[in-house]
Trainee: 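Below is the structure I would like to discuss, written out as structure tokens.
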Amino acid sequence: MVTLITSTEELIEQRKNHPLEIGFVPTMGNLHAGHISLLEEALTQFKTVYFSIFVNPKQFGPNEDFNRYPRTLENDLKLIEQSTSKFPNSEVIVYSPKNPEEVFPVGKTFTLEVLGLSSVIEGKQRPGHFQGVATVVWRLFELIKPKKAYFGLKDYQQYLVIKQMIQDLASPIEIIGMPIVREAEGLALSSRNQYLTPDQKKDALHFYSTLQKISNLLDGKKNNLKIVQDFINHELNNPAWNYLEMRDADSLSDDLSNSQKITILGVYQQGTTRLLDNMQVELS
Ligand code: AMP
């Protein structure tokens, strides 16, 4: 069963009716198989799953795509229904606030920032972005009080920021990171892919093939880091890269000397569309 809730008052009321242990999937809607993989994982673990659909103004910069971000609630609900029906006796509560004030009441201001992790790489390119993410996720956690919350590794830095937030605030919520869902040729699914022209979409395949190439060149060996860095430096001559970097997979430090796992993080730009992807590689 799927229930749609559009006000915070109803959400609080609804939450009172449920047993303590629920799963939670926060999204901005315009759902695709990546989002649905989070929902279905949550449904395998919990009878009741809360699923939020909220285009959070706080995580968009002044020149970003907040106004044109695709809002497709009707279709999103159909996809949620389809998934939920595969799990007999399960219930999904969709919280899609009718306006941002439901989430951030006027006059009540607070901002949450995870220092350090929020200001590097993607955070450097999008000042304020991770504050917006941490603030909305914490607010939703407070309202929904989940046992576990599900995030995609597609937004790897976001996943680390949320995990750090939970640790620093000594919250018992468990953060589950789910694998990136890709199209057959490798492009990571994203609501922003629909902004791409057919030519841009074709060129975007270069992103995944570059991540794979780096992973193959590394071959899990620390000794190969130098060769790979040379390859990345050469690759960066392609102006489509906003950035392409190797970082420690836990701390995002650029000092890899003690790293056991690294992450390769990039943004490949097509027109005004920033495509974000990453890959993790264990080192020996
Ligand atoms: P968004 O609606 O873009 O804010 O994403 C909501 C959640 O879905 C986040 O935890 C994302 O990391 C996750 N997500 C988005 N795209 C994918 C994907 N291709 N594979 C797995 N998870 C994804």
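Here the structure is a predicted model, which is why all the values come from computation and not from measurement. In listed order, ligands and their atoms are each counted from 1.
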Trainee: Decide whether a cation-pi geometry holds between Lys213 and Phe231; the criteria are a distance under 6.0 Å from NZ or CZ to the six-membered ring centre and an angle within 45° of the ring axis.
Mentor: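 Negative - Lys213 is either too far from the ring of Phe231 or too far off its axis.
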Trainee: Of all residues at least two apart in sequence or in a different chain, which pass the side-chain contact (heavy atoms from CB on, under 4.5 Å) check with Leu265?
Mentor: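 With sequence neighbours excluded, Leu265 shows a side-chain contact (heavy atoms from CB on, under 4.5 Å) to Ile121, Tyr156, Tyr243, Arg247, Leu252, Thr263, Asn278, given in chain and number order.
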Trainee: Return the orientation label for the Trp241 and Phe207 ring planes: parallel under 30°, perpendicular over 60°, tilted otherwise.
Mentor: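 Because their plane-to-plane angle is over 60°, the rings of Trp241 and Phe207 count as perpendicular.
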Trainee: Who pairs with Trp138 by ring-ring contact (aromatic ring centres under 6.0 Å, His included), at least two apart in sequence or on another chain?
Mentor: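 Trp138: no ring-ring contact (aromatic ring centres under 6.0 Å, His included) contacts found.
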Trainee: Using a threshold of 4.0 angstrom between heavy atoms of the protein and any atom of ligand 1, which residues qualify?
Mentor: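 Answer by chain and number: Pro26, Thr27, Met28, His32, Gly34, His35, Leu38, Tyr69, Phe151, Gly152, Lys154, Asp155, Gln158, Pro179, Ile180, Val181, Leu189.
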Trainee: For Arg139, which residues count as a salt bridge (charged side-chain N to carboxylate O under 4.0 Å, His left out) partner, sequence neighbours excluded?
Mentor: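 Residues passing salt bridge (charged side-chain N to carboxylate O under 4.0 Å, His left out) with Arg139: none at all.
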Trainee: For Phe60, does the six-membered ring have the charged nitrogen or CZ of Arg68 within the cation-pi criterion, i.e. under 6.0 angstrom from the centroid and within 45° of the normal?
Mentor: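 No cation-pi geometry.
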